[in-house]
Amino acid sequence: MKRNAHRILITLSLLLCFSALYAQPSGVSTLDSLDLKYLNWYNLSAQSDKIEGAAVNKAYAELLSGKTPRKKIVVAVIDGGVDINHPDLKGKIWTNPREIAGNGLDDDNNGYADDIHGWNFIGNNLGENLLYENMEYVRIYKSMKDEFGAIKDPEKVAPADRDRYKLFDRCRAKYDEELKNKSEMNKSLENFAAYYKSKEDYLKRFLRKDKITEEDIKAIKSKSKNVNEAKKVLLDLYKKGFTFSDLAGMRKRNSDFLNYYLNLDYDPRKLVGDNPDDITDVDYGNADVKGPRSFHGTFVSGIIAANRNNGIGTDGIADNVEIMVLRVVPDGDERDKDVALAIRYAVDNGANIINMSFGKYFSVYHRFMEDAIRYAEDHNVLMIHSAGNESDNLDFIDHYPSAAIGEGRFAKNWITVGATTAKADKNFCGVFSNYGINSVDLFAPGVNIISLFPENTYDMGDGTSYSGPVVTGVAALVWSYYPDLSAQQLKEILVSSATSYPKLKVNIPDTSSKKKTKTAFSELSKTGGVVNAYNALKLAGETAGK
């Protein structure tokens, strides 16, 4: 029995870790279903509220009272889709003024018919939408397997092909590793499900009930070792917040890896109908900007722009802002071509800021991205990118997209953002957050964030995906009052005005080890700071005055 108990605890710890990394959000109908102590905390400030937020409310109260914004800022949210009909986004969705809705024509001659609120780059003209995709390393491995798969000795590869072979070899190793891990996890999940169910069924028979609750189990009095073992197993699970529905969700997520992300025979791009390797093949997509997977983009948009004064839901950061929706992120890895074309669409159709809460570790067509980023830089568009959630030091690992735009150059209109918690202690840096003193510009609130969820609901989540939009919201707020600033000036204001913590020691982000290593928070990003709307607006005023 001790061996079984030990095994179950080890399995449970693995599964809980898996659940935290891959759990799918579900949304709730009312905010009361969430922990309201976290509601809008990213808007608070250390000075006024003893909470390490972005000082947004303080900025409105002390700096903007009685002032009128000078410009409506358009924020392009490049993501998986947005529920543009969420009540808390009413009046905050960009509308193409030169396009007539529903007539099937490209009225403004921008190459996209009926693009009223943006464009969906992962759909087709029949209105069908792509949901699942391979991971990028799977696509690369699959495309080069016939050419390099039989080669064991790198010295036998032609010198001109060795860089490509190295990329193939890295992708093959990553694929083999992930396939092994997910296959083993699948067996563990199946075994755990059977073990869990056997204990539950045993107690159901003991109690002579078809359904049992935690209270039923707690009330059991028995001298039977089997009964008490089953009781202990289930109560330990309940104590850790684990449920059978959690297990079902985890099994579904792991199956998605095996059936879609890692499946060499899966080719979803046929639905879209384009050549994803050809950046000039642009006649694809549709106007459905919500799509089948809009929870992430809706959450992101709520942080940036949810109505602050409507008496419902959450408070976004920027008032005078509109969201342009560009759907490019499937369940799996996005394509470089789709992202590059979305950036160009945003620039050409009047976006001032582009929010990008996505990323990956392999990129075969990063040159598409480099050209698009340079295009945005040349047209005074600010780009804000989430650092990622793998607790990696980005100074020593490639992560895409990035500010690198070729020939040793880095875009001057680009900000990379890590995630922080509400309290400046050893756990201030999100345990999952990527970091890097040369690669990450600053941090922002990204843990226990409450925001919008599709179909008029709400949810709470963690991620640099949500700290990035905090910076985007602050940028939009500042630019709406000081529109004469350039994108480069605005970036400098945001990073220069960040709240610093020169004496704070924090745990280095790490989800793989219980033993934590500390460092100075100032060593985890270029600024060593957290975005601060109040400071940014003050500095913007001084800069504009000069």
Side-chain angles (χ1 to χ4, degrees), residues 21-22 132-185 254 256-269 276-277 279 329-340 356 358-370 373 385-408 410 416 432-436 438-440 464 509-512:
L21 289 173
Y22 297 112
Y132 292 104
E133 253 286 12
N134 286 148
M135 305 304 282
E136 183 72 272
Y137 57 85
V138 176
R139 294 193 291 252
I140 295 172
Y141 170 55
K142 185 163 51 174
S143 69
M144 298 183 183
K145 187 160 61 76
D146 290 343
E147 182 180 1
F148 295 125
I151 297 175
K152 304 297 182 183
D153 183 2
E155 295 301 319
K156 294 183 178 179
V157 178
D161 293 330
R162 284 180 183 170
D163 285 344
R164 292 178 59 248
Y165 175 79
K166 288 178 182 178
L167 174 62
F168 165 79
D169 201 38
R170 285 173 55 218
C171 291
R172 174 171 57 185
K174 179 67 173 175
Y175 169 77
D176 289 343
E177 177 189 12
E178 288 299 316
L179 183 61
K180 180 176 181 290
N181 289 342
K182 296 304 183 290
S183 297
E184 291 176 352
M185 179 61 74
N254 197 69
D256 288 345
F257 268 91
L258 295 171
N259 295 332
Y260 303 112
Y261 314 152
L262 302 175
N263 187 347
L264 296 176
D265 296 322
Y266 180 59
D267 183 13
R269 198 68 185 196
D277 304 324
I279 193 68
V329 182
D331 198 350
D333 274 345
E334 65 280 354
R335 299 262 186 173
D336 296 326
K337 172 189 170 181
D338 298 334
V339 180
M356 297 168 291
F358 55 83
K360 57 189 179 182
Y361 286 89
F362 294 88
S363 174
V364 69
Y365 290 121
H366 188 58
R367 68 180 185 275
F368 294 168
M369 292 294 303
E370 291 173 357
I373 293 166
H385 183 239
S386 299
N389 302 329
E390 290 77 26
S391 58
D392 285 331
N393 186 340
L394 298 185
D395 292 347
F396 302 102
I397 190 168
D398 292 330
H399 190 254
Y400 302 97
S402 74
I405 51 177
E407 300 176 352
F410 293 87
T416 301
F432 53 82
S433 180
N434 289 352
Y435 58 95
N438 298 310
S439 305
V440 174
T464 61
D510 186 357
T511 58
S512 63

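Only a predicted model underlies this, so the values are computations on that prediction, with no experimental measurement involved. Keep in mind that the numbers below use all heavy atoms, side chains included, and drop hydrogens, waters and symmetry copies.
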For the residue pair His399 and His385, does the interplanar ring angle fall in the parallel (under 30°), tilted (30 to 60°) or perpendicular (over 60°) class?
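His399 vs His385 ring planes: tilted.
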Check the angle between the aromatic planes of Phe148 and Tyr165 and answer parallel, tilted or perpendicular using the 30° and 60° thresholds.
perpendicular
Treating [X] as the side-chain partner and [Y] as the backbone partner, does any N or O pair qualify as donor plus acceptor under 3.5 Å?
| X | Y | result |
| --- | --- | --- |
| Lys142 | Tyr266 | yes |
| Asn434 | Asp392 | yes |
| Asn134 | Asn263 | yes |

On a heavy-atom basis, which atom in [X] and which in [Y] lie closest, and how many Å separate them?
| X | Y | value |
| --- | --- | --- |
| Phe368 | Asp277 | CZ-O, 3.6 Å |
| Ser433 | Thr464 | OG-CG2, 3.6 Å |
| Asn393 | Gly436 | OD1-CA, 3.5 Å |
| Asp333 | Glu133 | O-CB, 3.9 Å |
| Ala387 | Val440 | CB-CG2, 4.1 Å |
| Val138 | Tyr261 | CG2-O, 3.3 Å |

Rounded distance (nearest 0.5 Å) linking atom [atom1] of [X] with atom [atom2] of [Y]:
| X | Y | atom1 | atom2 | result |
| --- | --- | --- | --- | --- |
| Glu390 | Phe432 | CD | CZ | 10.5 Å |
| Ile140 | Ser363 | CD1 | OG | 7.5 Å |
| Glu178 | Phe257 | CD | CZ | 6.5 Å |
| Arg164 | Glu147 | CZ | CD | 4.0 Å |
| Leu394 | Asn438 | CG | CG | 10.5 Å |
| Leu262 | Asn254 | CG | CG | 9.0 Å |

If the threshold is 4.0 Å, N to carboxylate O, is there a salt bridge linking [X] and [Y]?
| X | Y | result |
| --- | --- | --- |
| Asp336 | Lys360 | yes |
| Arg172 | Asp169 | yes |
| Arg269 | Asp338 | yes |
| Arg367 | Glu370 | no |

For Tyr175, check ring-ring contact (aromatic ring centres under 6.0 Å, His included) against everything at least two apart and list the hits.
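Tyr175 satisfies ring-ring contact (aromatic ring centres under 6.0 Å, His included) with Tyr141 only.
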Hey, are the side chains of Phe358 and Val339 touching, using non-hydrogen atoms and a 4.5 Å cut-off?
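Phe358 reaches Val339 side chain to side chain.
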Does the side chain of Lys166 reach to within under 4.5 Å of the side chain of Arg170, using non-hydrogen atoms?
no
Check against side chain to side chain donor-acceptor pair (under 3.5 Å), Ser391 and Asp510
CA-CA 5 Å; Ser391 58; Asp510 186 357; 4.7 Å; no
